[in-house]
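I have placed the structure first, in the form of structure tokens, so that the comments after it can refer back to it.
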Amino acid sequence: MRGDYQEGGDLFSYVSLEQRIPKRHPIRKMRKLVDEALTNLDSIFNEIYADCGRPSIPPERLIRASLLQVFYSIRSERQLMEQLDYNLMFRWFVGLSVDEPVWNPSTFSKNRDRLAQADIGRRLFEEIVEMARRRSLTSNDHFSVDGTLIAAWASHKSVRRKDGSDDDNPDGVGRNAGRNFHGEKRSNKTHASRTDPEALLASKGQGMGARPSYTGHTLMENRNGLLVNADLTLATGTAERDAAIDMAAALKSGATLGADKGYDTREFVDVLRFLDVTPHVAQNLKRAGGSAIDGRTTRHAGYEISQRVRKRVEEPFGWAKQIGGLRQTKFRGLTRVRQDFLRVMAAYNLIRIRNLLPEAAW
């Protein structure tokens with residue numbers, strides 16, 4: 001028979017949040033990993049917060065909420081707080097009870113600089129890497145490196161001459177006047193964005209338009225595709241190779257490093273060999289002077305394997321831009337954008353670790 005429809009208006013609930021989350025839901029595994037990482041960062045949180053005064057929102061809750069924002073592709077912190085208010089699973093993950101009020105979205109802004117000064121994004125990323133190492137999920141011998149452009153939170157028309165000579169020549173009137181820059185030669189030496197002065201003009205390749213950007217870098221171990229290092233720098237012409245050298249300096253002697261043709265320069269290859277890191281760089285035979293990689297490297301079977309596996313280093317970038325919201329950052333300034341980049345890459349590693357661990361490990 002048909003049941004009677006009645007408006008649900010129960011005042012009390014006798015089912016806990018823990019009971020409402022399905023036993024086999026993947027978010028349960030994710031919470032265990034996040035619990036372990038944040039527990040190891042507890043001493044750092046004690047250092048950056050005062051011993052007295054009005055209690056703040058616990059930094060652990062802010063970090064848990066920001067990770068949820070990445071996992072579920074939530075566009076803004078305001079929308080995140082809206083969902084945290086009514087989504088019981090989000091409340092359970094963050095550590096809020098059913099009756100606790102959510103905080104104002106501006107709390108993220110007020111605490112972001114404090115967490116950035118302690119480089120919490122870097123510390124969280126490194127702690128997750130250590131978690132993977134403790135579980136023997138990473139390799140110490142074979143790695144791949146790559147970089148990508150992250151569009152800055154600044155438009156083309158925000159790029160103006162540094163000397164201010166084009167201030168009196170707007171294309172239109174009003175506060176949103178455009179800029180007709182067609183045919184104008186622009187470079188980072190003479191122009192800068194008024195919205196984000198630290199962002200540099202950069203393009204993905206020849207014939208493609210340049211726009212204010214930053215450059216993200218990752219170092220991947222080849223066994224399971226986990227990221228063991230990540231950074232974000234200014235989008236200079238040599239940023240990718242410079243960052244790769246810094247990351248390679250921490251590798252053990254005899255390790256291999258795979259990379260694409262953009263890294264095939266004699267200077268880069270010579271530095272890797274000086275560091276005793278084998279350069280498994282794709283050959284750029286069309287480069288003036290020929291490739292810096294010769295038969296001493298390409299004759300080995302390991303070179304072909306590195307070239308096949310290194311393409312996986314691009315997967316985190318695709319995931320970060322499609323899922324993690326990094327196609328265009330919503331922050332301004334190198335420090336804040338770097339913290340956001342590290343947060344998204346840490347979230348990527350968490351998902352990889354969750355998928356790699358067998359059921360018996362939980």
Side-chain angles (χ1 to χ4, degrees), residues 37 67 70-71 119 121-133 137-152 202 204 213-236 238-252 255-264 268 272 275 277 279-282 306-329 331 334-335 337-356:
L67 288 174
V70 179
F71 295 149
D119 205 4
R122 166 69 58 188
R123 294 172 186 266
L124 177 63
F125 178 87
E126 291 177 349
E127 180 56 39
I128 292 171
V129 173
E130 285 301 317
M131 286 169 46
R133 288 186 177 133
L137 296 177
T138 60
S139 166
N140 295 322
D141 301 311
H142 306 290
F143 301 87
S144 299
V145 69
D146 201 5
T148 189
L149 288 181
I150 306 296
K204 295 184 178 180
S213 306
Y214 293 94
T215 303
H217 316 272
T218 57
L219 179 70
M220 180 194 75
E221 58 83 31
N222 288 355
R223 181 195 297 168
N224 289 314
L226 285 165
L227 303 178
V228 296
N229 204 342
D231 200 6
L232 184 129
T233 64
L234 299 178
T236 63
T238 61
E240 292 191 24
R241 295 190 293 274
D242 294 341
I245 290 174
D246 292 339
M247 294 178 179
L251 301 181
K252 76 169 190 176
T256 67
L257 184 64
D260 59 31
K261 293 181 180 180
Y263 295 82
D264 186 11
F268 178 75
L272 288 187
L275 296 172
V277 175
H280 282 182
V281 179
S306 289
Q307 286 302 298
R308 184 170 64 251
V309 176
R310 70 160 179 84
K311 298 175 182 178
R312 295 180 61 188
V313 76
E314 298 180 3
E315 294 178 6
F317 293 142
W319 182 89
K321 293 182 178 182
Q322 185 71 22
I323 305 298
L326 273 186
R327 188 171 302 279
Q328 182 178 21
T329 180
F331 300 100
L334 180 63
T335 300
V337 179
R338 176 185 284 132
Q339 293 297 308
D340 187 39
F341 181 79
L342 291 171
R343 175 191 61 152
V344 175
M345 292 305 157
Y348 176 84
N349 267 353
L350 284 172
I351 293 176
R352 288 291 300 149
I353 294 173
R354 183 201 66 187
N355 294 340
L356 288 168

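- Checked against side chain to side chain contact (heavy atoms under 4.5 Å, CB included), Arg327 has the following partners two or more places apart in sequence or in another chain: Lys321, Gln322.
- Under the salt bridge (charged side-chain N to carboxylate O under 4.0 Å, His left out) criterion, Asp146 pairs with no residue at all, not counting sequence neighbours.
- A pairwise comparison of heavy atoms in Pro316 and Leu227 identifies CG-CD2, 3.8 Å as the closest pair.
- Listed by chain and number, the residues in a side-chain hydrogen bond (donor to acceptor under 3.5 Å, both in side chains) with Asp141 are Lys252 (sequence neighbours excluded).
- For the side-chain contact (heavy atoms from CB on, under 4.5 Å) with Asn349, the qualifying choice from Leu137, Leu124, Leu226 is Leu226, the only one to do so.
- Taking Ala259 as the reference, Val145, Tyr263, Val281 meet the side chain to side chain contact (heavy atoms under 4.5 Å, CB included) condition, with sequence neighbours excluded.
- In terms of heavy atoms, Ala152 sits closest to Thr329 at CA-CG2, 3.9 Å.
- Using a 4.5 Å cut-off on side-chain heavy atoms (C-beta onward), Arg310 and His280 make no contact.
- In this structure the side chain of Leu342 never reaches within 4.5 angstrom of the side chain of Leu232, judged on heavy atoms.
- Residues Gly324 and Val344 approach most closely at O-CG2, 3.8 Å, considering heavy atoms.
- In terms of the ring-ring contact (aromatic ring centres under 6.0 Å, His included) criterion, Phe125 has no residue partners (sequence neighbours excluded).
- The backbone N or O of Ala37 sits nowhere less than 3.5 Å from a side-chain atom of Glu127 that would complete a donor-acceptor pair.
- With sequence neighbours excluded, the residues forming a salt bridge (charged side-chain N to carboxylate O under 4.0 Å, His left out) with Glu130 are Arg133, listed by chain and number.
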### From CA spacing to verdict: side-chain contact (heavy atoms from CB on, under 4.5 Å), Asp340, Leu326
CA-CA 8 Å; Asp340 187 39; Leu326 273 186; 3.5 Å; yes
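- In this structure the side chain of Thr233 never reaches within 4.5 angstrom of the side chain of Asp242, judged on heavy atoms.
- Qualifying salt bridge (charged side-chain N to carboxylate O under 4.0 Å, His left out) partners for Arg338, counting only residues two or more places apart in sequence or in other chains: Asp231.
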### Query
Leu350 and Phe71: side-chain contact (heavy atoms from CB on, under 4.5 Å), yes or no, with the steps?
CA-CA 10 Å; Leu350 284 172; Phe71 295 149; 4.0 Å; yes
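- The two residues Val277 and Ala248 make their nearest non-hydrogen contact at CG2-O, 4.0 Å.
- Under the ring-ring contact (aromatic ring centres under 6.0 Å, His included) criterion, Tyr214 pairs with no residue at all, not counting sequence neighbours.
- Residues meeting the side chain to side chain contact (heavy atoms under 4.5 Å, CB included) test with Ala151, sequence neighbours left out: Arg211, Gln328.
- Under the ring-ring contact (aromatic ring centres under 6.0 Å, His included) criterion, His217 pairs with no residue at all, not counting sequence neighbours.
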### Task
With side-chain contact (heavy atoms from CB on, under 4.5 Å) as the test, would you mind laying out the steps for Leu257 and Leu219 before giving the verdict?
CA-CA 9 Å; Leu257 184 64; Leu219 179 70; 3.5 Å; yes
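- Distance check: Arg352 CZ to Met220 CE gives 9.5 Å after rounding to the nearest 0.5 Å.
- Listed by chain and residue number, nothing satisfies the salt bridge (charged side-chain N to carboxylate O under 4.0 Å, His left out) test with Asp119 (two or more places apart in sequence, or in another chain).
- Once rounded to the nearest 0.5 Å, the distance linking CD1 of Ile245 with CE of Met247 reads 12.0 Å.
- Atoms CZ and CD, from Phe331 and Gln339 in turn, are 10.0 Å apart once rounded to the nearest 0.5 Å.
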### Task
Show your working on side-chain contact (heavy atoms from CB on, under 4.5 Å) between Leu149 and Thr215 and close with a plain yes or no.
CA-CA 5 Å; Leu149 288 181; Thr215 303; 3.6 Å; yes
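- Between the side chain of Arg122 and the main chain of Ala230, a donor-acceptor pair closer than 3.5 Å is present.
- Side-chain atoms of Trp319 and Ile351, non-hydrogen and from C-beta on, do get closer than 4.5 Å to each other.
- Shown here for Phe268 and Arg241, the closest heavy-atom pair between the two residues is CE1-O, 3.7 Å.
- Here the closest heavy-atom approach between residue Ile150 and residue Gly216 is recorded as CG1-N, 4.3 Å.
- Sorted by first and then second residue, the side chain to side chain donor-acceptor pair (under 3.5 Å) pairs involving residues 218-228 (not counting sequence neighbours) are Ser144-Asn222.
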